[in-house]
Amino acid sequence: MSFYLAIVSPLDSPLFELSFPSAKPPPGTASSAASTSSFPSWSTFTASNGSDLGADGQTGKTGGNLGLLSGETKTGPERDRAMCQMIAHKSLDSVEEMMEGTGSLYLKNIDRHNEWTVSAFIATSVKFVLLHDIKNDDGIRLFFLDVWESYVKILLNPFHTVNTPIRNPMFESKIRASAKRNL
């Protein structure tokens, strides 16, 4: 069980990204060491022999090499991060559609990708996107409120430029503490 948080600017550029495991054990299941990572895998997009699937699900060059340069390969953690980024940014269209139809700041379960669910929080045209694989609506809402509070404190810093990536270790530690408390 794990989570991926992306804070996205109004221009759809990432301001902050963080992957973190859940501090709480999954309900009703024993821990399994069979999986080395609980993040989404590339297995959805690759054939059994490891080659890329095309747009029609067949192997070949139809689908390209998923954004990799020729000869470039990505290892496990890099692939996991790239997969999470792809899912989060793919869901931005769904977030914007839901934004128009509702006045709510918290948009729960707006998109799905295999076992992953996407929830979002919209504040001042900045989107907080969270990938998760459990249903904990109250905890996720409280987590988003903590992230929003921390984000506002960053914006109040006179040395921070709006819509630039956040590289503050205190911000990251507050996000991790909030995740540990709420998720």
Side-chain angles (χ1 to χ4, degrees), residues 1-23 37-40 42 66-69 72 74-113 116-134 136-183:
M1 201 173 4
S2 56
F3 300 90
Y4 173 80
L5 172 71
I7 300 177
V8 183
S9 76
L11 302 174
D12 291 344
S13 61
L15 299 177
F16 182 79
E17 297 174 310
L18 182 65
S19 301
F20 47 92
S22 175
S37 174
S38 56
F39 287 104
W42 284 96
L66 297 174
L68 300 176
L69 299 173
E72 181 183 3
K74 290 192 174 196
T75 59
E78 293 170 343
R79 284 185 137 188
D80 291 345
R81 182 171 177 253
M83 186 67 173
C84 289
Q85 286 176 337
M86 183 187 74
I87 294 169
H89 289 278
K90 168 188 87 72
S91 67
L92 288 176
D93 290 334
S94 300
V95 170
E96 290 174 0
E97 287 175 11
M98 293 284 289
M99 249 172 55
E100 294 172 1
T102 182
S104 177
L105 295 177
Y106 173 51
L107 306 172
K108 62 181 176 180
N109 305 332
I110 56 164
D111 200 5
R112 284 192 69 78
H113 178 80
W116 288 84
T117 304
V118 179
S119 294
F121 188 85
I122 312 300
T124 64
S125 70
V126 173
K127 301 166 197 84
F128 302 101
V129 179
L130 181 71
L131 271 67
H132 54 93
D133 57 355
I134 61 167
N136 179 8
D137 293 336
D138 292 333
I140 291 171
R141 186 181 54 78
L142 291 172
F143 172 72
F144 276 137
L145 291 174
D146 288 346
V147 172
W148 184 24
E149 180 182 344
S150 298
Y151 179 73
V152 168
K153 288 180 181 177
I154 288 289
L155 289 180
L156 293 175
N157 181 349
F159 299 109
H160 178 74
T161 306
V162 177
N163 292 333
T164 58
I166 300 169
R167 294 184 179 93
N168 186 329
M170 289 302 296
F171 180 77
E172 183 175 334
S173 66
K174 286 181 183 179
I175 300 302
R176 287 187 185 277
S178 176
K180 189 173 185 178
R181 187 173 52 250
N182 296 310
L183 301 177

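Throughout, residue positions are numbered sequentially from 1 according to the sequence presented.
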Original post:
By side chain to side chain donor-acceptor pair (under 3.5 Å), which residues pair with R176, not counting sequence neighbours?
Top reply: E172
Side-chain donor/acceptor pairs under 3.5 Å, residues 87-97, sequence neighbours excluded:
{"from": "K90", "atom 1": "NZ", "to": "D111", "atom 2": "OD2", "distance (Å)": "3.3"}
{"from": "S91", "atom 1": "OG", "to": "A88", "atom 2": "O", "distance (Å)": "2.6"}

Got a list of side-chain donor-acceptor pairs under 3.5 Å for residues 158-170, not counting sequence neighbours?
{"from": "T164", "atom 1": "OG1", "to": "T161", "atom 2": "O", "distance (Å)": "2.5"}
{"from": "N168", "atom 1": "OD1", "to": "M170", "atom 2": "N", "distance (Å)": "2.9"}

Original post:
Which value, rounded to the nearest 0.5 Å, describes the distance between K180 atom NZ and S173 atom OG?
Top reply: 12.5 Å
**OP:** Please name all residues satisfying side chain to side chain donor-acceptor pair (under 3.5 Å) with S9, sequence neighbours left out, ordered by chain then number.
**Re:** S13
Original post:
Which value, rounded to the nearest 0.5 Å, describes the distance between N136 atom CG and K108 atom NZ?
Top reply: 11.5 Å
**OP:** Supply the atom-to-atom distance R112 CZ to D133 CG, rounded to the nearest 0.5 angstrom.
**Re:** 9.5 Å
**OP:** Determine which pairs satisfy salt bridge (charged side-chain N to carboxylate O under 4.0 Å, His left out) with at least one residue from residues 5-15, sequence neighbours left out, and list them in order.
**Re:** D12-K127
Using distance only, find each side-chain donor-acceptor pair of residues 138-151 under 3.5 Å and give its atom names and separation, not counting sequence neighbours.
{"from": "D146", "atom 1": "OD2", "to": "S178", "atom 2": "OG", "distance (Å)": "2.9"}
{"from": "D146", "atom 1": "OD2", "to": "R181", "atom 2": "NH2", "distance (Å)": "2.9"}
{"from": "D146", "atom 1": "OD2", "to": "N182", "atom 2": "ND2", "distance (Å)": "3.0"}
{"from": "E149", "atom 1": "OE2", "to": "K153", "atom 2": "NZ", "distance (Å)": "3.4"}
{"from": "S150", "atom 1": "OG", "to": "D146", "atom 2": "O", "distance (Å)": "3.1"}

Subject >> Where F128 and I7 come nearest, the two heavy atoms and their spacing >> reply: CD2-CG1, 3.4 Å
Original post:
Which heavy atom in F3 sits nearest to a heavy atom in P21, and how many Å separate them?
Top reply: CD1-C, 4.5 Å
Original post:
Would you say Y106 and D137 make side-chain contact, with heavy atoms under 4.5 Å?
Top reply: yes
Subject >> Heavy-atom check, side chain of N109 versus side chain of S119, under 4.5 Å >> reply: yes
Original post:
Out of curiosity, L5 CG to F121 CZ, how far, rounded to the nearest 0.5 Å?
Top reply: 12.0 Å
